[in-house]
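These notes concern the structure reproduced below.
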Amino acid sequence: MKSRLMQQHDVAQVIAIEQSANHYPWSQQNVEDCLKSGYHACVFYDQADEILGFFIVQQVVDEAHLLNICVKLRVQGQGLGREILDQIIDYATEISAALIVLEVRRSNHRAQQLYLQAGFNEMSVRTDYYPSENGREDAILMGLDLVPTSFFKVN
Ligand SMILES: CC(C)(COP(=O)(O)OP(=O)(O)OC[C@H]1O[C@@H](n2cnc3c(N)ncnc32)[C@H](O)[C@@H]1OP(=O)(O)O)[C@@H](O)C(=O)NCCC(=O)NCCS
């Protein structure tokens with residue numbers, strides 16, 4: 001799968017992917033605001049130039065906040081999510097982020113499994129953070145520490 005920076009003209013395809021994969025998808029405005037703000041956003045596309053996944057990361061001082069990662073419903077479960085997450089980790093390392101943080105719905109076991117396999121840990125819970133079919137739903141705050149352990153070693 002190839003990847004490149006997300007452009008304004010990608011937004012329609014990106015929103016279609018959001019809508020295919022989420023009960024509460026981001027709006028077109030949400031994505032456009034991220035582009036205007038200069039957040040790091042990439043799309044992943046196949047040989048026919050069809051976008052199949054994307055991510056958006058906001059750098060906040062020495063942290064990389066993963067705001068969105070999404071794979072088109074039709075191609076989920078085939079390894080693209082992990083490929084995208086690996087690229088996010090590479091980007092965060094390149095910008096010398098100490099930590100990658102994200103929020104994930106308590107019911108989103110698939111995403112949590114992906115993050116846990118990549119080495120993320122559960123950091124805390126934001127109670128009733130998201131709207132849900134049953135009222136509200138907790139967000140699990142997860143993080144991946146990128147600071148090498150040796151950094152903390154005392155001689
Ligand atoms: C979460 C998401 C990005 C994962 O992408 P994907 O391409 O399906 O994931 P992959 O095929 O790379 O699978 C990676 C890991 O996810 C987990 N996973 C994938 N499919 C799963 C399923 N049906 N059930 C449970 N875990 C699953 C597994 O741990 C898997 O690793 P493994 O294949 O070695 O067991 C994708 O499901 C998605 O876009 N979901 C909707 C949007 C979303 O929830 N984003 C995250 C918001 S925090």
Side-chain angles (χ1 to χ4, degrees), residues 1-7 10-35 37 39-60 62-95 97-146:
M1 196 70 55
K2 289 187 279 189
S3 68
R4 58 172 170 75
L5 291 176
M6 190 188 295
Q7 309 288 329
D10 296 323
V11 173
Q13 276 196 78
V14 164
I15 289 301
I17 293 169
E18 264 290 285
Q19 290 174 344
S20 82
N22 286 298
H23 288 299
Y24 294 89
W26 278 24
S27 67
Q28 181 169 333
Q29 191 66 51
N30 291 147
V31 177
E32 286 176 349
D33 286 348
C34 288
L35 291 180
S37 301
Y39 297 164
H40 186 67
C42 287
V43 293
F44 292 70
Y45 57 100
D46 64 12
Q47 288 174 339
D49 279 347
E50 181 187 354
I51 297 175
L52 298 176
F54 68 92
F55 74 81
I56 301 176
V57 170
Q58 177 188 13
Q59 185 179 0
V60 181
D62 64 345
E63 293 180 357
H65 290 208
L66 176 51
L67 302 182
N68 203 332
I69 172 172
C70 194
V71 170
K72 195 168 205 166
L73 188 60
R74 178 168 59 79
V75 296
Q76 284 183 14
Q78 298 174 26
L80 181 54
R82 183 56 203 250
E83 189 178 331
I84 296 175
L85 189 57
D86 285 345
Q87 196 174 115
I88 292 164
I89 295 169
D90 285 348
Y91 167 70
T93 305
E94 268 168 35
I95 63 169
L99 183 71
I100 304 175
V101 286
L102 60 89
E103 282 138 5
V104 56
R105 285 177 181 267
R106 189 182 282 286
S107 63
N108 193 347
H109 302 295
R110 176 180 283 209
Q112 286 168 40
Q113 203 52 37
L114 170 68
Y115 302 137
L116 287 170
Q117 277 188 359
F120 281 72
N121 294 304
E122 185 176 324
M123 297 167 71
S124 64
V125 173
R126 298 195 202 284
T127 307
D128 291 343
Y129 186 73
Y130 295 111
S132 80
E133 285 164 7
N134 305 319
R136 307 290 301 179
E137 178 175 6
D138 296 346
I140 314 287
L141 188 70
M142 298 184 78
L144 178 68
D145 204 340
L146 295 173

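Fair warning: this is a prediction, and the values are worked out from it, not measured in the lab. Start at 1 and go down the list; that is how both ligands and their atoms are numbered.
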Exercise for review: Might you work through the side-chain contact (heavy atoms from CB on, under 4.5 Å) test for L52 and R74, ending with a clear yes or no?
Suggested key: CA-CA 9 Å; L52 298 176; R74 178 168 59 79; 3.8 Å; yes
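Taking distance alone, with nitrogen or oxygen atoms compared against 3.5 Å, Y115 stays at or beyond that limit from ligand 1. Note: no N/O pair closer than 3.5 Å links A111 and ligand 1 by distance alone. Note: no N/O pair closer than 3.5 Å links V75 and ligand 1 by distance alone. At under 3.5 Å, not a single nitrogen or oxygen of N22, backbone or side chain, sits near a nitrogen or oxygen of ligand 1. Where the criterion is an N or O separation shorter than 3.5 Å, residue side chain and backbone included, V104 fails it with respect to ligand 1. Polar contact check, Q76 against ligand 1: a nitrogen or oxygen pair lies under 3.5 Å apart. Taking only nitrogen or oxygen atoms, main chain and side chain alike, G79 reaches within less than 3.5 Å of ligand 1.
The proximity of Q117 to ligand 1, defined as any non-hydrogen pair under 4.0 Å, is limited to the side chain. Neither the backbone nor the side chain of F55 has any atom closer than 4.0 Å to an atom of ligand 1 (non-hydrogen atoms only). Of all the heavy atoms of H109, none lies under 4.0 Å from any atom of ligand 1, so neither backbone nor side chain is involved. When non-hydrogen atoms are compared, ligand 1 lies under 4.0 Å from neither the backbone nor the side chain of E83. By the criterion of a heavy-atom distance under 4.0 Å, neither the backbone nor the side chain of N68 is placed next to ligand 1.
Heavy-atom proximity to L80, at under 4.0 Å, picks out these atoms of ligand 1: 7 (O), 12 (O). Close approach to R82 involves these atoms of ligand 1, each under 4.0 Å from a residue heavy atom: 12 (O). Applying the 4.0 Å criterion to heavy atoms of C70 picks out, from ligand 1, the atoms 39 (O), 42 (C). Of all the atoms in ligand 1, the ones that sit under 4.0 Å from a non-hydrogen atom of I69 are 42 (C), 43 (C), 45 (N), 46 (C). For ligand 1, the atoms lying closer than 4.0 Å to a non-hydrogen atom of E103 are 48 (S).
Side-chain atoms of R82 and Q117 include no donor-acceptor pair closer than 3.5 Å. Judged purely by distance below 3.5 Å, without hydrogens or angles, the side chains of Q112 and N108 never pair a donor atom with an acceptor atom. There is no side-chain donor-acceptor pair under 3.5 Å between Y130 and E137. If you check the side chains of E18 and N30, you find no donor sitting under 3.5 Å from an acceptor.
With L144 as reference, I89 is the one residue of I88, L99, I89, N121 to meet the side chain to side chain contact (heavy atoms under 4.5 Å, CB included) rule. Across L66, L102, I100, a single residue satisfies side chain to side chain contact (heavy atoms under 4.5 Å, CB included) together with M142, and that is L102. Between S20 and the options I15, V71, L73, a side chain to side chain contact (heavy atoms under 4.5 Å, CB included) holds for only L73.
Within the 3.5 Å criterion, the main-chain N or O of D138 finds no donor-acceptor partner in the side chain of R105. Panel note: side chain S37, backbone Y39; no donor-acceptor pair is recorded below 3.5 Å.
Here the protein heavy atom with the shortest distance to atom 26 (N) of ligand 1 is R110 CA, 3.7 Å. Scanning all protein heavy atoms for the shortest distance to atom 7 (O) of ligand 1 gives G81 N, 2.8 Å. In this structure, the protein non-hydrogen atom closest to atom 39 (O) of ligand 1 is V71 N, 2.7 Å. Of the protein's heavy atoms, A21 O, 3.6 Å lies nearest to atom 41 (C) of ligand 1. At the shortest separation from atom 2 (C) of ligand 1 among protein heavy atoms lies L114 CD2, 4.4 Å. Here the protein heavy atom with the shortest distance to atom 8 (O) of ligand 1 is G77 N, 2.8 Å.
Atoms CD and CG, on Q13 and D49 in that order, are 8.5 Å from each other to the nearest 0.5 Å.
Atom 13 (O) of ligand 1 is never approached by the protein to below 4.0 angstrom, counting heavy atoms only. There is no protein heavy atom less than 4.0 angstrom from atom 33 (O) of ligand 1.
Across A118 and L85, no two heavy atoms sit closer than the pair CB-CD2, 3.5 Å.
Under 4.0 Å is where a charged nitrogen must lie from a carboxylate oxygen, and between D10 and R4 at least one such pair does.
Between F44 and F55, the angle of the ring planes lies from 30° to 60°, which puts this pair in the tilted group.
Within the 4.0 Å heavy-atom shell around ligand 1 one finds N108.
Around atom CD of E50, more than 12 heavy atoms belonging to other residues, nucleotides or ligands sit under 6.0 Å away.
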